[in-house]
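Here the structure is laid out as structure tokens; the discussion comes afterwards.
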Amino acid sequence: MRTNFAAIFLVSFFVFPAVIFAVRSFPDKADCNGDKTRIEFDTSMQFSEAPVYQNGLECPVLASNSLLLVCDPLVVHVAMTLDPEYLRGTLAAIHSVLKHASCPENIFFHFIASDSSSLHSEELSHIVRVAFPSLTFKVYEFKESVVVDLISSSIRQALENPLNYARSYLADMLENCVERVIYLDSDTIVVDDIQKLWRVSLSGSRTIGAPEYCHANFTKYFTYEFWFNSDFSRVFEGKNPCYFNTGVMIMDLKRWRENNYTGKIEKWMKIQKEKRIYELGSLPPFLLVFGGDVEAIDHRWNQHGLGGDNVVNSCRRLHPGPVSLLHWSGKGKPWARLDAKKPCPVDYLWAPYDLYKFGKHSGNQEQ
């Protein structure tokens, strides 16, 4: 059941029991050198507890054993990263997903945390559990050493964060029984029932689904060096590739594993290190591997670019048409602009989901 924007601003808070979560390491390789820096603060006091969101009568009953739940075929799987810098956005995104879901208790969240994070995975888990006591989730530790040597400089330093590349390793990190997942960036807000997105079919042998934007100039995502080299550019031969944003994707992890798409993405990243064939971060390898073979999802599921471009923090309007998901991709983030008292109009659509106790915008300040 969809909630209209007028109702978005009605937020209430309740208390209910906590559930079990688990921490898992990936992969079995050496840790990065250096000690982790601990941030000393009372994590339980940072975020308010979200309201209770319960299943409707029509929702299927899942396995009662929390250890078996992850493999239950009726579960909706959502993957996100847990980065301390974007944690406020992640919690707002979770809040929005639960608020608008027809079966919120049937959603399993998979959170990816860096092994070099300023907050340990246990601390991040505690913060999530305080905000969402009944949330069913796992935290997986992503070892940055897996990808750090493959990352090239980008037009914005934030795009070089190794955690941005974790989406390429979901098939290896998540349990093999998880064959499908929705990946969401931390700067998204869902204002529709995520079950609708989950039910989208990936036709043929397609491995990912995402809104495509075929009017965009696809050539600009790669350098002259790429287009001049026929060995590189022929990857799109016989295809009609379109731009798509990797911040919102349906991913068939079974097909991903069968076709070793992680290895194919890594191959292009190695070429990038030698030849400089693109300027952005984790997006171009996805375009190179999947461009022209993406299941096109309705644009309502990724109203992206609300943070401006990758260099300038600028205000953007919503695209014409219905909206199911808002995405503040780009340099500007709504929580930062709201706290600075320089919000864009669209930032007020994000504010009702903010659980941060000390947010400076109206409606969620500490009393």
Side-chain angles (χ1 to χ4, degrees), residues 26-27 29-30 32 79 81 83 85-86 112 114-116 142-173 183 185-187 207-208 210 212-214 216-249 251 255-257 259-294 304-305 307 309-312 329-331:
F26 162 80
K29 294 187 180 180
C32 296
T81 58
D83 185 334
E85 185 176 351
Y86 294 95
I112 316 302
S114 170
D115 68 331
S116 64
F142 177 63
K143 294 191 181 299
E144 291 190 359
S145 59
V146 174
V147 73
V148 69
D149 290 336
L150 296 173
I151 298 174
S152 301
S153 60
S154 185
I155 60 174
R156 183 159 60 92
Q157 189 173 5
L159 300 177
E160 300 170 26
N161 185 340
L163 206 53
N164 286 338
Y165 294 84
R167 72 197 83 190
S168 301
Y169 296 89
L170 289 176
D172 298 318
M173 284 188 282
Y183 176 82
D185 269 351
S186 297
D187 52 3
T207 303
I208 66 171
E212 288 190 307
Y213 301 89
C214 296
N217 183 3
F218 191 82
T219 60
K220 73 177 184 179
Y221 294 98
F222 304 96
T223 64
Y224 175 79
E225 176 76 19
F226 172 83
W227 294 112
F228 182 76
N229 190 320
S230 59
D231 290 335
F232 298 158
S233 59
R234 73 160 56 104
V235 70
F236 297 123
E237 193 174 305
K239 297 180 180 179
N240 183 27
C242 297
Y243 164 80
F244 63 93
N245 182 285
T246 55
V248 180
M249 294 185 291
M251 306 172 70
R255 291 175 184 169
W256 187 292
R257 296 176 184 118
N259 292 281
N260 187 26
Y261 284 120
T262 297
K264 294 176 181 179
I265 287 174
E266 288 181 333
K267 176 184 175 181
W268 282 112
M269 292 176 69
K270 291 174 183 176
I271 292 174
Q272 161 72 357
K273 291 281 285 187
E274 297 178 2
K275 302 290 187 179
R276 194 69 183 179
I277 58 175
Y278 53 80
E279 299 298 336
L280 286 174
S282 60
L283 169 64
F286 267 82
L287 298 179
L288 288 163
V289 173
F290 297 107
D293 195 25
V294 173
H304 70 287
D309 63 32
N310 277 311
V311 178
V312 181
S329 57
K331 185 176 182 180

Rounded distance (nearest 0.5 Å) linking atom OG of S230 with atom CH2 of W227: 12.5 Å

Spacing of L287 atom CG and T246 atom OG1 [to the nearest 0.5 Å]: 8.0 Å

salt_bridge(R167, D185) N-O dist < 4.0 Å: yes

F244-F290 aromatic ring centre distance below 6.0 Å: no

Contacts of type salt bridge (Lys or Arg N to Asp or Glu O under 4.0 Å), residue D231, not counting sequence neighbours: R234

Heavy atoms from other residues, nucleotides or ligands near NZ of K275 exceed 12 (cutoff 6.0 Å): no

For S168, all residues meeting side-chain contact (heavy atoms from CB on, under 4.5 Å), sequence neighbours excluded: I265, F286

Distance, nearest 0.5 Å, that separates CG of D115 from CG of L163: 10.0 Å

Smallest separation among heavy atoms of A210 and N245, with atom names: CB-O, 4.3 Å

Evaluation steps, side-chain contact (heavy atoms from CB on, under 4.5 Å), between Y278 and L283: CA-CA 10 Å; Y278 53 80; L283 169 64; over 6 Å; no

Close side-chain approach of F222 and P284, heavy atoms under 4.5 Å: yes

Which atom of A171 lies closest to which atom of R257, heavy atoms considered: O-NE, 2.8 Å

Spatial distance of atom CD1 (I151) from atom OG (S282) [nearest 0.5 Å]: 9.0 Å

Residues which pass side-chain hydrogen bond (donor to acceptor under 3.5 Å, both in side chains) with T223, listed by chain and number, not counting sequence neighbours: none

Atom of I277, atom of I271 and distance for their closest heavy-atom approach: CD1-CG2, 4.0 Å

Partner set under side-chain contact (heavy atoms from CB on, under 4.5 Å) for N259, not counting sequence neighbours: R255, Y261, K264

Worked check of side-chain contact (heavy atoms from CB on, under 4.5 Å) between V147 and M269: CA-CA 9 Å; V147 73; M269 292 176 69; 3.8 Å; yes

Nearest atoms (heavy-atom pairs only) where I208 meets M251: CG2-CG, 4.3 Å

Pairing residues for E266 by the side-chain hydrogen bond (donor to acceptor under 3.5 Å, both in side chains) criterion, not counting sequence neighbours: Y169

Heavy-atom pair of closest approach, residues A166 and T81: CB-CG2, 4.5 Å

Partner set under side-chain hydrogen bond (donor to acceptor under 3.5 Å, both in side chains) for S233, not counting sequence neighbours: none

Taking every non-hydrogen atom, the tightest pair across L150 and K270: CD2-CG, 3.5 Å

Atom pair CD (E225) and CD (E274), whose distance is rounded to the nearest 0.5 Å: 11.0 Å

Near-ring test F232/F228, centroid separation under 6.0 angstrom: no

A79: partners by side-chain contact (heavy atoms from CB on, under 4.5 Å), with sequence neighbours left out: H110, L170, V181, Y183

Contacts of N217 that satisfy side-chain hydrogen bond (donor to acceptor under 3.5 Å, both in side chains) - sequence neighbours left out: T219

Contacts of type ring-ring contact (aromatic ring centres under 6.0 Å, His included), residue Y221, not counting sequence neighbours: Y243

